Amino acid sequence: MQRWIDTGNSTCPKTQQKLEHLTLTPNYVLRSLITQWCAEHKVEQPTGLANGRIKKSDGSFRDVSGDIAPIQAIVRKLSSRLIEERRAAVSEVRSLSKRSTDNRILIAEAGAIPVLVNLLTSEDTSIQENAVTSILNLSIYENNKALIMLAGAVPSIVQVLRAGSVEARENAAATLFSLSLADENKIIIGASGAIPALVELLENGSTRGKKDAATALFNLCIYQGNKGRAVRAGIITALLKMLTDSRNCMVDEALTILSVLASNQEAKVAIVKASTIPVLIDLLRTGLPRNKENASAILLSLCKRDPENLTCISRLGAVIPLTELAKNGTERAKRKATSMLEHLRRLQQN
């Protein structure tokens, strides 16, 4: 079809009707189905590689170095009946996928993604850990994100997030973050049940797990529809614990997520109900410059078109730290603090 268009044609070669546009969209759904069929029937998959080049989703080409044949041999072993062979193969895929972009392209071209998705539900801890980490590594290459989504990976990744080993849960959260970088995936991941599982990891995970969960939740909550899901999953309580933790190790992350949530009405109500305002005002006094900046931004969001919250902020003594911040804060903090002080002045005049 591309050759047909490149020769100057602007009609459909089959129907002869004029094409609305000349941009071709790769059919990832069909490609994923072909890959799965080839894996199930032990048939060598047709590859998109030609003369060491692969076509990217934007229509441009990328040179790829490396031989696909040995990778195809490893991918075939992912479906072996022998657990030892599956274990060795998925470990090798994890190692190869970590090394280079070319490897990530070749592994996907060899049809590994649907097979790796099947291995996410393995009862063998080692296989599950290596499968989810391989998918994380593969997702770094932009074109692979769509293939992973279309292989139906998200429900299985969420299951690993809920019930996997410590390492598997961490890497499942990191994978969801990587996939959510594509805007259309934020909606799918949000609807999959991922958000409650990420909030649970944020509360009870390892230090790295909490950071991976925070990054994924921040990115997912950029999409308006996911903000309510996060609130209903109990994220505000989890974030307040992080703000008041004496070790102060995740204050930045908590404030960043709150600043994204604070524009949502359901989140605003939950933030105020959880008695977060006094904690934010305290951070205006004692926090690091970046923390003060985010705290002032959240307070400004909470008091916009809400005189009750504004009154509460005034009563809790926010004027002095806001005045200080308006003089000596970061540029963004100065703007937010000045705007807050203006709102408070208007309140006193009424």
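We're numbering straight along the sequence, starting at 1. No experiment lies behind these values; they were computed from the predicted model shown.
Atoms CZ and CD, on Arg86 and Glu84 in that order, are 8.5 Å from each other to the nearest 0.5 Å. Atom CG of Asp306 and atom CD1 of Ile313 lie 8.5 Å apart (nearest 0.5 Å). In this structure, CZ in Arg169 is found 5.0 Å from CD in Glu200, a value given to the nearest 0.5 Å. Here the straight-line distance linking atom CG of Leu202 with atom CG of Leu239 works out to 6.0 Å at 0.5 Å rounding. In this structure, OG in Ser80 is found 3.5 Å from CD in Glu85, a value given to the nearest 0.5 Å. The distance from atom CG of Asn130 to atom CG of Leu120, rounded to the nearest 0.5 Å, is 11.5 Å.
Ile74 places a side-chain heavy atom less than 4.5 Å from the side chain of Leu96. Looking only at side-chain heavy atoms (C-beta outward), Ser263 and Lys227 come within less than 4.5 Å of each other. By the 4.5 Å heavy-atom criterion applied to side chains, Ile148 and Thr175 are not counted as neighbours. Contact annotation: the side chain of Ile236 approaches that of Leu261 to within less than 4.5 Å [non-hydrogen atoms, C-beta and beyond]. The shortest distance between side-chain heavy atoms of Asp245 and Met250 does not fall below 4.5 Å. Leu147 is not listed as a side-chain neighbour of Leu138, based on a closest heavy-atom distance of 4.5 Å or more. The shortest distance between side-chain heavy atoms of Met340 and Cys303 falls below 4.5 Å. Between Val251 and Leu283, the closest side-chain pair of non-hydrogen atoms falls below 4.5 Å.
Judged by distance alone, the side chain of Ser180 and the main-chain N or O of Leu220 form no donor-acceptor pair under 3.5 Å. In this structure a side-chain-to-backbone donor-acceptor pair under 3.5 Å is missing from Ser178 to Ala174. Formation of a donor-acceptor pair under 3.5 Å by the Ser91 side chain with backbone atoms of Arg87 is not found in this model. With hydrogens and angles disregarded, no donor-acceptor distance shorter than 3.5 Å links the side chain of Asp212 to the backbone of Ala173. With hydrogens and angles disregarded, no donor-acceptor distance shorter than 3.5 Å links the side chain of Asn171 to the backbone of Thr133. Counting only distance, with no hydrogens or angles, the side chain of Ser192 and the backbone of Ile189 share a donor-acceptor pair below 3.5 Å. Between the side chain of Lys336 and the backbone N or O of Asn294 there is no donor-acceptor pair closer than 3.5 Å.
A single hydrophobic cluster is not seen to contain both Ile257 and Leu181; linkage of ILVMFWY side chains at heavy-atom distances under 4.5 Å, directly or through other members, places them apart. Both Val319 and Ile277 are part of a single hydrophobic cluster, where members link through side-chain heavy atoms under 4.5 Å apart. Under the 4.5 Å side-chain heavy-atom criterion for grouping Ile, Leu, Val, Met, Phe, Trp and Tyr, Phe177 is not connected to Val158 through any hydrophobic cluster. The cluster map of Ile, Leu, Val, Met, Phe, Trp and Tyr, joined by side-chain heavy atoms under 4.5 Å apart, puts Ile195 and Ile188 in the same cluster. Residues Ile320 and Leu341 do not share a hydrophobic cluster, clusters being chains of Ile/Leu/Val/Met/Phe/Trp/Tyr side chains in contact below 4.5 Å.
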In sequence, state the C-alpha distance, the side-chain angles, and the governing distance for Gln128 and Val160, and then conclude on side-chain contact (heavy atoms from CB on, under 4.5 Å). CA-CA 8 Å; Gln128 188 183 74; Val160 173; 3.8 Å; yes
Which is it for Ile298 and Ser259 under the side-chain contact (heavy atoms from CB on, under 4.5 Å) test, yes or no, and what are the steps along the way? CA-CA 5 Å; Ile298 297 160; Ser259 66; 3.9 Å; yes
Evaluation steps, side-chain contact (heavy atoms from CB on, under 4.5 Å), between Leu280 and Leu255: CA-CA 9 Å; Leu280 293 170; Leu255 286 170; 3.7 Å; yes
Start with the C-alpha distance between Lys186 and Asp183, add both sets of side-chain angles, then the distance that settles side-chain contact (heavy atoms from CB on, under 4.5 Å), and finish with yes or no. CA-CA 5 Å; Lys186 289 179 174 67; Asp183 284 343; 2.9 Å; yes
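Counting non-hydrogen atoms of other residues, nucleotides and ligands closer than 6.0 Å to CZ of Arg345 gives a total above 12. Taking a 6.0 Å sphere around NZ of Lys98, one finds it holds 12 or fewer heavy atoms contributed by other residues, nucleotides or ligands. Within 6.0 Å of atom CD in Gln224, more than 12 heavy atoms from other residues, nucleotides or ligands are found, so the atom counts as buried in its surroundings.
Glu324 approaches Asn328 most closely through the heavy-atom pair OE2-ND2, 2.5 Å. When every heavy atom of Pro196 is checked against every heavy atom of Ala233, the shortest pair comes out as CA-CB, 3.8 Å. Scanning all heavy atoms of the two residues, the minimum distance from Glu167 to Arg94 falls at OE2-NH2, 2.7 Å. Residue Ala297 comes nearest to Arg332 through the heavy atom pair CB-NH2, 3.3 Å, listed as atom of the first residue, atom of the second, then distance. Minimum interatomic distance between Arg229 and Gly190 (heavy atoms only, all atoms of both residues): CD-O, 3.1 Å. When all heavy atoms are compared, the tightest approach of Gly152 to Val117 is O-CG1, 4.1 Å.
Judged purely by distance below 3.5 Å, without hydrogens or angles, the side chains of Ser95 and Arg99 pair a donor atom with an acceptor atom. Between the side chains of Asn143 and Arg104, no donor-acceptor pair is found at a separation under 3.5 Å.
By the 4.0 Å N-to-carboxylate-O rule, Lys145 lies too far from Glu184 to be salt-bridged with it. With respect to Glu293 and Arg290, no salt bridge is recorded, no charged nitrogen being found less than 4.0 Å from a carboxylate O. Using a cutoff of 4.0 Å between basic side-chain nitrogens and carboxylate oxygens, Arg232 and Glu266 are scored as salt-bridged.
When Leu300, Leu344, Leu322 are each tested for a side chain to side chain contact (heavy atoms under 4.5 Å, CB included) with Ser339, only one passes: Leu300.
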